[in-house]
Amino acid sequence: MEQKWIKATYYRGGTSKGVFFQKKDLPTQDQKELSEIFLKVIGSPDLNKRQLNGMGGGLSSVSKCVIISPSERSDADIDYNFIQLAIDKPVAEWDNNCGNLSGAVGPYAVQEGIVKPNEGQNTIRIYQMNTDKIIHSTFEVKNGKPVIDGDYSIAGVEGSGAKVRLDYIEPGGSGTGKLLPTGNAIDELDIEGFGKINVSIIDAATPLVYILAEDLGLTGTETPEELDNQTDKLSLIEKIRQKSAHIIGLSKSIGDAPLGNPRIGFVTSPKDYSSLDNKKINSNDQDITTRMFSMGKTHKAIMGTAGVNIGVAAAIEGTIPNKIKRIDSNPLELRVGHPSGLTTSGAIIENKDGKPHAKSAIFFRTFRPLMRGEVLV
């Protein structure tokens with residue numbers, strides 16, 4: 001491949017970081033060729049899992065690329081395509097969204113002049129191409145540019161910033177076409193070498209498999225390091241994810257699932273634990289406690305789409321999250337405990353023809369542009 005310099009911007013969105021490109025600046029629109037470019041930009045594959053030869057940082061949460069362009073849709077201002085890059089494999093996955101980086105997409109479009117804003121509060125309509133869904137991003141603009149500084153803080157990110165509200169419109173069926181891909185709130189799976197286990201599979205913003213922590217022989221308050229050191233548990237969780245992918249049609253056979261789709265995590269009732277920055281997270285301040293997994297490793301906070309999904313899942317009667325959440329929790333402000341602290345998410349669920357329907361889901365993030373210039377590929 002001939003070496004090229006490509007215009008790019010490096011952004012933090014929520015608890016993720018990624019390299020943002022405008023579609024018009026890319027040298028090709030061929031997905032295979034773009035995948036090769038993005039792998040080189042990020043520094044994958046790297047068997048050392050450090051990505052020193054690229055913009056990645058050895059974690060799935062910072063091994064990401066984004067493509068933005070003006071939208072031709074009547075219900076959107078911009079199109080947003082997300083690419084997750086594996087760290088130690090030559091794999092670029094285009095089949096899911098990053099809810100954390102979604103928090104930076106609207107501000108990026110304003111910052112780069114793709115969308116002309118008004119002064120004050122703006123709502124940018126985003127067409128999320130990977131999931132075929134619409135997201136409304138609402139944030140403040142001053143002097144024609146997005147406001148970056150503010151007093152809103154999110155767990156896992158030092159300091160504070162301007163709040164970005166993300167409204168996921170009709171988030172159900174983002175990956176499978178159905179809010180409940182199997183039609184059930186709970187399914188019993190028979191896992192080879194383990195036996196039977198209950199799961200809830202919810203497809204809202206992203207397909208996600210929920211397991212009760214105690215069914216895995218865990219408390220639900222383990223740290224990411226503790227979990228990643230339990231290779232037998234990680235292997236079991238991956239077996240459950242692979243089988244779930246097959247039964248909901250995301251893979252042709254068991255063992256053939258994409259690395260990042262579906263997502264998977266376990267939940268438990270609210271429990272005391274210490275966050276990664278050694279703060280005491282009290283059970284009384286939570287409605288549900290969770291640990292999520294991304295690309296085979298424990299996430300140090302919670303994926304943005306998982307944050308959206310758990311709000312929806314907990315609001316659907318009969319699911320595992322619904323059964324173990326705090327009884328008096330507010331469905332519009334579900335307090336979720338994760339390794340880095342607390343996240344709030346909400347959902348509006350309606351019944352249509354006797355089935356649950358996700359009308360909308362709400363999530364809040366912050367963002368910060370870190371660098372702009374060119375990357376060499």
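Quantities reported herein were computed from a predicted structural model and do not represent experimental measurements. Side chains are part of it too, since the values below use all heavy atoms of this structure and drop only hydrogens, waters and symmetry mates.
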SB check [X] [Y] (cutoff 4.0 Å):
X	Y	value
E112	R372	yes
D353	K355	no
D30	K32	no
D228	K297	no
E214	K271	yes

Test side-chain contact (heavy atoms from CB on, under 4.5 Å) on Y108 and Y80 and set out the steps.
CA-CA 11 Å; Y108 170 85; Y80 154 44; over 6 Å; no

N322 and A315: which non-hydrogen atoms are nearest, and at how many Å?
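N322 and A315 have their closest heavy atoms at ND2-C, 4.3 Å.
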
Grab the two heavy atoms, one from A313 and one from I202, that are nearest each other, plus how far apart they are.
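Shortest heavy-atom separation between A313 and I202 comes out as CB-CG1, 3.7 Å.
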
Would you mind reporting whether [Y] and [X] have side-chain heavy atoms less than 4.5 Å apart?
X	Y	value
E333	I362	no
M295	I87	no
I37	T28	yes
T206	T131	no
V267	I310	yes
L218	L227	yes
P339	H299	no
F21	V41	yes

Enter the distance from [X]:[atom1] to [Y]:[atom2] here, rounded to the nearest 0.5 Å.
X	Y	atom1	atom2	value
I201	I320	CD1	CD1	9.5 Å
D88	Q51	CG	CD	9.0 Å
I237	I264	CD1	CD1	6.5 Å
T319	Y210	OG1	OH	8.0 Å
I169	I134	CD1	CD1	8.5 Å
I211	I191	CD1	CD1	8.5 Å

Sub-3.5 Å donor-acceptor pair from the side chain of [X] to the main-chain atoms of [Y], do we have one?
X	Y	value
D79	S71	no
Q286	R335	no
S35	Q31	yes
R12	G14	yes
K145	Q111	yes
H246	S251	yes
D215	N198	no
E222	G220	yes
E188	K196	no
K352	A358	no

When hydrophobic residues are tied together by side-chain contacts of less than 4.5 Å, even through go-betweens, does L212 share a cluster with V209?
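Different clusters.
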
Do I186 and I197 share a hydrophobic cluster (ILVMFWY, side-chain heavy atoms under 4.5 Å, transitive)?
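No, because I186 and I197 fall into different hydrophobic clusters, even though each may have its own neighbours under 4.5 Å.
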
Test of understanding: with ring-ring contact (aromatic ring centres under 6.0 Å, His included), list the residues that count as partners of F363, not counting sequence neighbours.
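If we apply the ring-ring contact (aromatic ring centres under 6.0 Å, His included) test to F363, skipping adjacent residues, there are no hits.
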
Distance-only polar pair, side chains of [X] and [Y], donor-acceptor under 3.5 Å:
X	Y	result
E238	Q242	yes
S283	R326	no
D203	S174	yes
T138	D167	no
S294	S60	yes
S160	D151	no
T305	N97	no
Y127	D132	yes
S61	K300	no
Q128	S102	no

Partners passing side chain to side chain donor-acceptor pair (under 3.5 Å) against Q84 (at least two apart in sequence or in another chain):
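Applying side chain to side chain donor-acceptor pair (under 3.5 Å) to Q84 gives none.
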
With a cut-off of 6.0 Å (strictly less than), are more than 12 heavy atoms of other residues, nucleotides or ligands near [atom1] of [X]?
X	atom1	value
K233	NZ	yes
E350	CD	yes
D272	CG	yes
K133	NZ	yes
E192	CD	no
N284	CG	yes
R73	CZ	yes
Q121	CD	yes

After noting the C-alpha distance and the side-chain angles of D287 and K325, does the key distance pass the salt bridge (Lys or Arg N to Asp or Glu O under 4.0 Å) rule?
CA-CA 5 Å; D287 297 311; K325 70 173 183 177; over 6 Å; no

Hey, can you tell me if F367 and Y11 have their rings parallel, tilted or perpendicular (30° and 60° cut-offs)?
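Rings of F367 and Y11: parallel, as their planes differ by under 30°.
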
Is there a side-chain contact (heavy atoms from CB on, under 4.5 Å) between H357 and L179? Walk through the geometry before answering.
CA-CA 7 Å; H357 171 77; L179 178 61; 5.6 Å; no

Under 4.5 Å side-chain heavy-atom separation, chaining through any Ile, Leu, Val, Met, Phe, Trp or Tyr, what else clusters with L342? Say none if it is isolated.
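Direct or chained contacts put L342 with Y273, I281.
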
Please evaluate residues N96 and N130 with respect to the criterion side-chain contact (heavy atoms from CB on, under 4.5 Å), reporting the C-alpha separation (whole Å), side-chain torsions for both, the decisive distance (0.1 Å), and the verdict.
CA-CA 5 Å; N96 216 330; N130 311 76; 5.7 Å; no

For a side-chain contact (heavy atoms from CB on, under 4.5 Å) check, start with the C-alpha distance between F20 and V105, then their side-chain angles and the critical distance, and finish with the verdict.
CA-CA 9 Å; F20 281 55; V105 168; 4.1 Å; yes

